[in-house]
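Worksheet: one structure, shown below.
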Amino acid sequence: MSYEIKLEVFQGPLDLLLYLIKKNEIDIYDIPIALITRQYLEHLDKLRSLNLDLAGEYLLLAATLIHIKSKMLLPAEEEPETEEEDDPRQELVEQLLAYQTYKEAYLKIAQLPVLDKDVFKRGNFPQEEPGRKEEEKIEANLFDLIEAFQRILSSWDQAEIMEIDREKINLAEKMNEILSSLEVKDGLSLEELLEGAKTRRRLVYTFLALLELMKQRIIKAYQNVSFGPIRVYLSVA
Amino acid sequence: MDDLRGIIEALIFASDHPLPAEKIGELLPEATGPQIKEALGQLVEQYRSRAGGLVLSHVAGGYQLRTKEELAPWIVRLKSGKPPSLSTAALETLAIIAYRQPIVKGDIERLRGVDVSAPLKGLLEKKLVRIMGRKDVPGRPIIYGTTRRFLEVFGLKDLSDLPSQRELKDLGI
Amino acid sequence: MDDLRGIIEALIFASDHPLPAEKIGELLPEATGPQIKEALGQLVEQYRSRAGGLVLSHVAGGYQLRTKEELAPWIVRLKSGKPPSLSTAALETLAIIAYRQPIVKGDIERLRGVDVSAPLKGLLEKKLVRIMGRKDVPGRPIIYGTTRRFLEVFGLKDLSDLPSQRELKDLGI
């Protein structure tokens, strides 16, 4: 059967290209681009004729190959300097070499004995747990935290969910900071609060954070005399 | 089947429960009952005579490797140093506080859909969360936020290190 | 402290994860570092020479008792459920992260030539890969690296124990 190439056999366009280079016993540093491009496109056609969805990456590499081919067809300029010019294949070759190296690394890793498959550790039987110490260490993982958050979001009405974008987190950071300063000092002037904000961005965030805290009625701002300094206090001391 | 004893030892070691001789027989149809019994006897004897830190005991109808009883004081030292992990409830509560701070308890509960008193108390005790003040609205609810220790535990420089919604989407989480 | 070797053996056995020599030192202030090192060496040698079903391996920066690799066919019968397996895509992604860490997602994708969201998520879930922070460049992308668990699962002492690390470095990629 000539159509026995399955897309899932290849780990992407680079993998397919590497396969073609090996099959044709081609020197990776001197790829006959016309031949390889033809074979690559033929493979894509076969895959398509099998009604397999081609990932965009495969088509992108096809475009790259055609581009290189057209560049190589351009007549060479007369000046000898052009000899020094970059080979249009160079970038692709470097990419292929890097990929090949990691493919080998992957094969080496794939050969290592794997825990719970090739080797096993002591069975997980219950053991007595003595009491814990006071200021204990906590085993935590950022991914667990994110995952927990996503779990909640997915169970909640999407309309209710505010976008957690960069800005929102930055704002939370700033609000946290302001409240911390207000804990140690009873009342801060606007100048004091803005002191640390060296960049325009930080200045804006500090303002936004102050407004948000006021809106939420967590802090209050006072001005003793008109045009006097504005001071910020915790709403509930 | 030249190393029956080794195979049985590995099986007992890897098992989550005391392993009965009959179960070993089922796993090793290549060996006869008497062969297995004999190998087990030799193993028990080997562990007894070699004066190491482990014993092969016959408990709960099966065989199990255990640390010697007199070594318990050292094992206790090992186990007491083991860092506890956070429960799902605590982790979810912490995640909401981290991303939505400053936040009041009512809002956390609205998001989680359940009472969060217990996990919140635990997080406060672990110093991952702190009271940041009160909101000047009826009931004057307490507002919560994360601590410096929270950043340390999760290896974050500051809160802006938390992955954003877009980045989470990117990972397909 | 007449039986240092026995105590150390029991500690390693009782520990859920590979036990580092330094940790043993902390647990046994009665013994000196060189004494512990010597006892560990003797234990490793003892397991090697006694031809049982177990080996004492040096993995993930610590010591762990494990079943011998050639006994896997029998242990698999004991363990119900299928053994953990990683897809080729996941393993390729893992290999790139292992050799190139800390690395951002974009760079992994440039090397593999395909999107890595799905395998990356799987690796994070399996705790083989972790978020290490953010790169200090515009956009502050998340950087990834391997975990201690990765070393434990693949039986590596540390990252320098990765196969042909040197060859890859020499290529300067």
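Chain identifiers are assigned alphabetically (A, B, ...) following the order of the sequence lines, protein sequences preceding nucleic acid strands; residue numbering begins at 1 within each chain. Note that the structure is a prediction, hence the values are computed from the model and not measured.
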Report task. Name the option with the most non-hydrogen atom pairs under 4.5 Å to chain A; the candidates are T88(C), I96(C), V55(C). Result -> T88(C)
Requested in this report: Name the member of R130(C), K127(C), R112(C) that forms the most heavy-atom pairs with chain A at distances under 4.5 Å.
Outcome: R112(C)
Side chain, backbone, both or neither of [X] within contact of chain A (heavy atoms, under 4.5 Å):
| X | value |
| --- | --- |
| K68(C) | backbone |
| L54(C) | neither |
| L91(C) | both |
| E70(C) | neither |
| E69(C) | both |

Any side-chain heavy atom of [X] within less than 4.5 Å of one from [Y]?
| X | Y | result |
| --- | --- | --- |
| E92(C) | Y102(A) | no |
| Y99(A) | L111(C) | no |
| R66(C) | L115(A) | yes |
| E152(C) | K121(A) | yes |

Query raised in the report: Should F120(A) and V76(C) be marked as a side chain to side chain contact (heavy atoms under 4.5 Å, CB included) after you check the CA-CA gap, both sets of side-chain angles, and the distance that decides it?
Result: CA-CA 9 Å; F120(A) 298 83; V76(C) 168; 4.1 Å; yes
Requested in this report: Apply side chain to side chain contact (heavy atoms under 4.5 Å, CB included) to the pair I109(A) and Y99(C), showing each step before the final yes or no.
Outcome: CA-CA 11 Å; I109(A) 286 185; Y99(C) 284 99; 4.0 Å; yes
Report task. Determine whether more than 12 heavy atoms belonging to other residues, nucleotides or ligands lie under 6.0 Å from atom CG of D27(A). Result -> yes
Query raised in the report: Would one find more than 12 heavy atoms of other residues, nucleotides or ligands at under 6.0 Å from atom CD of E91(A)?
Result: no
**Report entry** Pairwise distance CG(D118(A)) to OG1(T67(C)) - rounded to 0.5 angstrom
**Finding:** 9.0 Å
**Report entry** Spacing of OG1 belonging to T93(C) relative to OH belonging to Y106(A), to within rounding of 0.5 Å
**Finding:** 10.5 Å
Query raised in the report: Is the shortest distance from a Lys or Arg side-chain nitrogen in R122(A) or D16(C) to a carboxylate oxygen in the other one below 4.0 Å?
Result: yes
